[in-house]
Amino acid sequence: MENKDFSVLPAHVGVIMDGNGRWAKNRGLPRSKGHIEGAKTFRKIGEYAGNLGIRHISFYAFSTENWSRPQEEVEAIMALFGDYLHEAVDRLDENIEKGIRLRFLGDRNGLSEELIELIDFVEEKTRDMDKVNLNIAVNYGGQQEILHSVKNIAKDVKAGLIKPEDITLDTIQRGLYTLEQPPVDLVIRPSGEQRLSNFLLWQSAYAEFWSSDVLWPDFTEKDFDEALRAFEKRNRRFGGV
Ligand code: IPE
Ligand code: IPE
Ligand code: MG
(Lines give C-alpha, C1' and ligand atoms only; values in the text may rest on other atoms or scores of the structure.)
(Ligands and ions follow the chains in the order given, each with its own letter.)
Protein backbone atom coordinates (compact mmCIF):
# COMPACT_ATOMS: atom_id res chain seq x y z
CA MET A 1 0.00 0.00 0.00
CA GLU A 2 1.31 3.46 -0.87
CA ASN A 3 1.90 5.73 2.05
CA LYS A 4 1.15 9.32 1.21
CA ASP A 5 0.33 10.40 4.74
CA PHE A 6 -3.16 11.64 4.15
CA SER A 7 -4.52 12.79 7.50
CA VAL A 8 -7.97 11.68 6.46
CA LEU A 9 -9.17 9.60 3.54
CA PRO A 10 -12.72 9.61 2.21
CA ALA A 11 -14.52 6.37 3.07
CA HIS A 12 -16.25 6.45 -0.30
CA VAL A 13 -15.19 8.33 -3.43
CA GLY A 14 -17.46 8.86 -6.42
CA VAL A 15 -15.88 9.58 -9.78
CA ILE A 16 -17.83 11.01 -12.71
CA MET A 17 -15.71 9.93 -15.65
CA ASP A 18 -16.39 12.84 -17.98
CA GLY A 19 -14.66 14.45 -20.93
CA ASN A 20 -13.91 11.46 -23.15
CA GLY A 21 -15.74 12.97 -26.11
CA ARG A 22 -13.94 16.31 -25.91
CA TRP A 23 -10.61 14.55 -25.51
CA ALA A 24 -11.23 12.71 -28.78
CA LYS A 25 -12.60 15.78 -30.55
CA ASN A 26 -9.49 17.79 -29.63
CA ARG A 27 -7.45 15.17 -31.47
CA GLY A 28 -9.75 14.82 -34.46
CA LEU A 29 -10.61 11.28 -33.36
CA PRO A 30 -14.00 9.56 -33.13
CA ARG A 31 -15.68 9.81 -29.70
CA SER A 32 -15.32 6.05 -29.25
CA LYS A 33 -11.53 6.50 -29.14
CA GLY A 34 -12.03 8.84 -26.18
CA HIS A 35 -14.00 6.14 -24.40
CA ILE A 36 -11.22 3.62 -25.06
CA GLU A 37 -8.71 5.96 -23.43
CA GLY A 38 -11.14 6.73 -20.62
CA ALA A 39 -11.49 3.02 -19.88
CA LYS A 40 -7.71 2.84 -19.43
CA THR A 41 -7.82 5.73 -16.99
CA PHE A 42 -10.59 3.97 -15.10
CA ARG A 43 -8.38 0.89 -14.61
CA LYS A 44 -5.41 3.03 -13.57
CA ILE A 45 -7.28 5.18 -11.04
CA GLY A 46 -9.24 2.22 -9.68
CA GLU A 47 -6.04 0.39 -8.93
CA TYR A 48 -4.35 3.47 -7.53
CA ALA A 49 -7.24 4.24 -5.17
CA GLY A 50 -7.16 0.69 -3.87
CA ASN A 51 -3.43 0.96 -3.22
CA LEU A 52 -3.98 4.17 -1.29
CA GLY A 53 -6.44 2.43 0.99
CA ILE A 54 -9.69 3.91 -0.30
CA ARG A 55 -12.22 1.30 0.78
CA HIS A 56 -15.12 2.27 -1.48
CA ILE A 57 -14.99 3.84 -4.89
CA SER A 58 -17.77 4.26 -7.44
CA PHE A 59 -17.15 5.11 -11.08
CA TYR A 60 -19.89 6.58 -13.23
CA ALA A 61 -19.54 5.03 -16.69
CA PHE A 62 -22.96 5.33 -18.32
CA SER A 63 -26.09 7.13 -17.16
CA THR A 64 -29.73 6.32 -17.81
CA GLU A 65 -29.72 9.52 -19.87
CA ASN A 66 -26.75 8.44 -22.01
CA TRP A 67 -29.03 6.14 -24.06
CA SER A 68 -29.94 9.27 -26.01
CA ARG A 69 -26.48 9.28 -27.63
CA PRO A 70 -25.88 7.92 -31.14
CA GLN A 71 -26.30 4.16 -31.23
CA GLU A 72 -22.76 3.65 -32.41
CA GLU A 73 -21.38 5.45 -29.37
CA VAL A 74 -23.65 3.56 -26.97
CA GLU A 75 -22.52 0.27 -28.50
CA ALA A 76 -18.88 1.27 -28.18
CA ILE A 77 -19.32 2.04 -24.45
CA MET A 78 -21.21 -1.21 -23.81
CA ALA A 79 -18.49 -3.16 -25.62
CA LEU A 80 -15.87 -1.55 -23.36
CA PHE A 81 -17.90 -2.48 -20.30
CA GLY A 82 -18.02 -6.05 -21.62
CA ASP A 83 -14.24 -6.04 -22.11
CA TYR A 84 -13.79 -4.90 -18.54
CA LEU A 85 -16.05 -7.64 -17.20
CA HIS A 86 -14.30 -10.32 -19.26
CA GLU A 87 -11.01 -9.07 -17.90
CA ALA A 88 -12.39 -9.21 -14.37
CA VAL A 89 -13.34 -12.84 -14.97
CA ASP A 90 -9.89 -13.64 -16.38
CA ARG A 91 -8.25 -11.96 -13.41
CA LEU A 92 -10.57 -13.31 -10.79
CA ASP A 93 -7.80 -14.93 -8.74
CA GLU A 94 -5.80 -11.71 -8.76
CA ASN A 95 -8.82 -9.65 -7.70
CA ILE A 96 -9.66 -12.06 -4.93
CA GLU A 97 -6.07 -12.04 -3.71
CA LYS A 98 -6.22 -8.25 -3.54
CA GLY A 99 -9.56 -8.41 -1.72
CA ILE A 100 -11.45 -6.54 -4.41
CA ARG A 101 -15.22 -6.75 -4.43
CA LEU A 102 -16.75 -5.66 -7.71
CA ARG A 103 -20.25 -4.33 -7.83
CA PHE A 104 -22.53 -3.06 -10.52
CA LEU A 105 -24.71 -0.03 -9.78
CA GLY A 106 -27.65 0.53 -12.05
CA ASP A 107 -30.63 -1.07 -13.72
CA ARG A 108 -29.74 -4.44 -15.23
CA ASN A 109 -32.84 -4.28 -17.42
CA GLY A 110 -31.74 -2.69 -20.62
CA LEU A 111 -28.35 -4.39 -20.64
CA SER A 112 -27.61 -7.38 -22.87
CA GLU A 113 -27.99 -10.94 -21.54
CA GLU A 114 -24.25 -11.40 -21.91
CA LEU A 115 -23.45 -8.38 -19.75
CA ILE A 116 -25.98 -9.40 -17.11
CA GLU A 117 -24.46 -12.88 -16.89
CA LEU A 118 -20.95 -11.48 -16.54
CA ILE A 119 -22.06 -9.00 -13.88
CA ASP A 120 -23.83 -11.71 -11.87
CA PHE A 121 -20.80 -13.99 -12.11
CA VAL A 122 -18.23 -11.38 -11.05
CA GLU A 123 -20.40 -10.02 -8.24
CA GLU A 124 -21.05 -13.49 -6.89
CA LYS A 125 -17.40 -14.55 -7.05
CA THR A 126 -16.12 -11.45 -5.25
CA ARG A 127 -18.94 -10.98 -2.76
CA ASP A 128 -16.89 -12.03 0.27
CA MET A 129 -14.10 -9.55 -0.45
CA ASP A 130 -13.99 -6.38 1.59
CA LYS A 131 -10.64 -4.67 1.23
CA VAL A 132 -11.58 -2.58 -1.78
CA ASN A 133 -15.15 -2.16 -2.94
CA LEU A 134 -15.13 -1.06 -6.53
CA ASN A 135 -18.45 -0.09 -8.05
CA ILE A 136 -19.13 0.65 -11.66
CA ALA A 137 -22.31 2.53 -12.51
CA VAL A 138 -23.81 1.63 -15.89
CA ASN A 139 -27.39 2.39 -16.90
CA TYR A 140 -27.39 4.23 -13.61
CA GLY A 141 -29.54 7.17 -12.52
CA GLY A 142 -29.73 8.47 -8.96
CA GLN A 143 -33.42 9.34 -9.17
CA GLN A 144 -34.21 5.97 -10.74
CA GLU A 145 -32.26 4.26 -7.95
CA ILE A 146 -34.37 5.98 -5.28
CA LEU A 147 -37.52 5.08 -7.19
CA HIS A 148 -36.39 1.45 -7.30
CA SER A 149 -35.92 1.40 -3.52
CA VAL A 150 -39.26 3.09 -2.88
CA LYS A 151 -41.12 0.64 -5.13
CA ASN A 152 -39.67 -2.31 -3.21
CA ILE A 153 -40.72 -0.73 0.06
CA ALA A 154 -44.23 -0.19 -1.31
CA LYS A 155 -44.38 -3.91 -2.20
CA ASP A 156 -43.31 -4.81 1.35
CA VAL A 157 -45.98 -2.53 2.77
CA LYS A 158 -48.61 -4.10 0.52
CA ALA A 159 -47.48 -7.57 1.61
CA GLY A 160 -47.81 -6.49 5.24
CA LEU A 161 -44.08 -6.94 5.94
CA ILE A 162 -43.58 -3.36 7.05
CA LYS A 163 -45.84 -0.59 8.32
CA PRO A 164 -45.67 2.84 6.63
CA GLU A 165 -44.81 4.48 9.97
CA ASP A 166 -41.81 2.16 10.30
CA ILE A 167 -40.16 3.42 7.10
CA THR A 168 -36.98 5.29 7.95
CA LEU A 169 -34.17 6.87 5.99
CA ASP A 170 -32.31 3.64 6.58
CA THR A 171 -35.10 1.63 4.95
CA ILE A 172 -34.73 3.65 1.79
CA GLN A 173 -30.95 3.52 1.93
CA ARG A 174 -30.84 -0.26 2.27
CA GLY A 175 -32.84 -0.54 -0.93
CA LEU A 176 -30.30 1.41 -2.98
CA TYR A 177 -27.80 -0.35 -5.24
CA THR A 178 -25.01 0.53 -2.80
CA LEU A 179 -26.75 -1.47 -0.03
CA GLU A 180 -24.69 -1.20 3.15
CA GLN A 181 -21.86 0.89 1.67
CA PRO A 182 -21.06 4.17 3.43
CA PRO A 183 -22.19 7.52 2.05
CA VAL A 184 -20.02 9.24 -0.54
CA ASP A 185 -17.55 11.66 1.08
CA LEU A 186 -15.99 13.03 -2.06
CA VAL A 187 -17.27 13.41 -5.62
CA ILE A 188 -14.62 13.98 -8.27
CA ARG A 189 -15.64 15.40 -11.64
CA PRO A 190 -13.07 16.08 -14.32
CA SER A 191 -13.71 18.02 -17.55
CA GLY A 192 -14.75 21.28 -15.91
CA GLU A 193 -18.44 20.56 -15.40
CA GLN A 194 -19.94 21.53 -12.07
CA ARG A 195 -22.91 19.21 -11.79
CA LEU A 196 -23.88 15.78 -10.50
CA SER A 197 -25.73 14.62 -13.63
CA ASN A 198 -27.93 12.24 -11.61
CA PHE A 199 -24.99 10.48 -9.91
CA LEU A 200 -25.40 8.92 -6.44
CA LEU A 201 -27.86 11.62 -5.37
CA TRP A 202 -28.86 10.01 -2.09
CA GLN A 203 -25.38 8.82 -1.16
CA SER A 204 -23.80 12.20 -1.93
CA ALA A 205 -26.12 14.25 0.29
CA TYR A 206 -23.12 15.58 2.25
CA ALA A 207 -20.32 14.79 -0.18
CA GLU A 208 -17.57 17.30 -0.86
CA PHE A 209 -17.43 18.20 -4.53
CA TRP A 210 -14.13 18.58 -6.37
CA SER A 211 -13.80 19.36 -10.04
CA SER A 212 -10.91 19.76 -12.40
CA ASP A 213 -10.54 20.97 -15.98
CA VAL A 214 -8.53 17.90 -16.91
CA LEU A 215 -10.41 15.63 -19.31
CA TRP A 216 -10.89 12.10 -17.98
CA PRO A 217 -8.51 10.33 -20.42
CA ASP A 218 -5.75 12.70 -19.25
CA PHE A 219 -6.55 12.25 -15.55
CA THR A 220 -3.57 10.95 -13.56
CA GLU A 221 -2.75 9.65 -10.10
CA LYS A 222 -1.42 13.15 -9.40
CA ASP A 223 -4.86 14.64 -10.10
CA PHE A 224 -6.42 12.06 -7.80
CA ASP A 225 -3.92 13.03 -5.08
CA GLU A 226 -4.86 16.65 -5.61
CA ALA A 227 -8.52 15.84 -5.01
CA LEU A 228 -7.62 13.97 -1.82
CA ARG A 229 -5.44 16.85 -0.62
CA ALA A 230 -8.33 19.25 -1.20
CA PHE A 231 -10.63 16.90 0.70
CA GLU A 232 -8.20 16.83 3.65
CA LYS A 233 -8.60 20.59 4.03
CA ARG A 234 -12.38 20.73 3.81
CA ASN A 235 -14.25 21.67 6.93
CA ARG A 236 -17.22 19.33 6.99
CA ARG A 237 -20.03 20.49 9.21
CA PHE A 238 -23.00 18.28 8.33
CA GLY A 239 -25.33 21.06 9.30
CA GLY A 240 -23.61 21.76 12.60
CA VAL A 241 -21.46 24.74 13.54
C1 IPE B 1 -17.60 10.12 -20.94
O2 IPE B 1 -17.46 11.43 -21.29
C3 IPE B 1 -18.74 9.88 -20.02
C4 IPE B 1 -19.85 9.13 -20.62
C5 IPE B 1 -21.05 9.60 -20.59
C6 IPE B 1 -19.65 7.82 -21.22
P7 IPE B 1 -18.38 12.11 -22.38
O8 IPE B 1 -18.61 11.17 -23.49
O9 IPE B 1 -19.58 12.68 -21.75
O10 IPE B 1 -17.40 13.25 -22.85
P11 IPE B 1 -17.79 14.75 -23.23
O12 IPE B 1 -18.51 15.32 -22.05
O13 IPE B 1 -18.66 14.66 -24.44
O14 IPE B 1 -16.48 15.40 -23.47
C1 IPE C 1 -22.28 12.07 -16.80
O2 IPE C 1 -21.69 12.62 -17.91
C3 IPE C 1 -22.43 10.60 -17.01
C4 IPE C 1 -21.19 9.85 -16.98
C5 IPE C 1 -20.00 10.33 -16.79
C6 IPE C 1 -21.34 8.44 -17.18
P7 IPE C 1 -22.55 13.30 -19.08
O8 IPE C 1 -21.55 13.82 -20.05
O9 IPE C 1 -23.56 12.37 -19.58
O10 IPE C 1 -23.27 14.47 -18.29
P11 IPE C 1 -23.93 15.83 -18.83
O12 IPE C 1 -24.84 15.44 -19.95
O13 IPE C 1 -22.81 16.69 -19.30
O14 IPE C 1 -24.62 16.40 -17.65
MG1 MG D 1 -19.90 14.48 -20.83
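For ligands, and for the atoms within them, numbers begin at 1 and follow the listed sequence. Throughout, residue positions are numbered sequentially from 1 according to the sequence presented. Source: prediction; values computed, not measured.
Under a cut-off of 6.0 angstrom, the local environment of CD in Gln71 is sparse, with at most 12 non-hydrogen atoms contributed by other residues, nucleotides or ligands. Annotation: Lys44, atom NZ; neighbour count of heavy atoms from other residues, nucleotides and ligands within 6.0 Å is above 12.
Asn26 is listed as a side-chain neighbour of Leu215, based on a closest heavy-atom distance under 4.5 Å. With contacts defined as side-chain heavy-atom distances shorter than 4.5 Å, the pair Glu180/Gln173 does not qualify. Under the 4.5 Å side-chain criterion, counting only non-hydrogen atoms from C-beta, Trp202 is in contact with Leu169.
Closer than 2.8 Å to the Mg ion (ligand 3) sit the protein N, O or S atoms Asp18 OD1.
The aromatic rings of Tyr140 and Tyr177 sit perpendicular to each other, their planes meeting at more than 60°, with 30° as the lower class boundary.
Of all atoms in ligand 2, listed by their number and element, those nearer than 4.0 Å to a heavy atom of Arg195 are 11 (P), 13 (O), 14 (O).
Both tests hold for Arg27 against Trp23: distance to the six-membered ring centre under 6.0 Å, angle to the ring axis within 45°. Taking the ring centre of Tyr206 as origin, the terminal cationic atom of Arg236 falls outside the region bounded by 6.0 Å and 45° from the ring axis.
A distance of 6.0 Å or more separates the ring centres of Trp216 and Phe42.
Taking a heavy-atom cut-off of under 4.0 Å, ligand 1 is surrounded by Met17, Asp18, Gly19, Asn20, Gly21, Arg22, Arg31, His35, Ala61, Asn66, Arg69, Glu73, Ile77.
Remark: the Arg174 side chain and the Ser149 side chain contain no N/O donor-acceptor pair separated by less than 3.5 Å.
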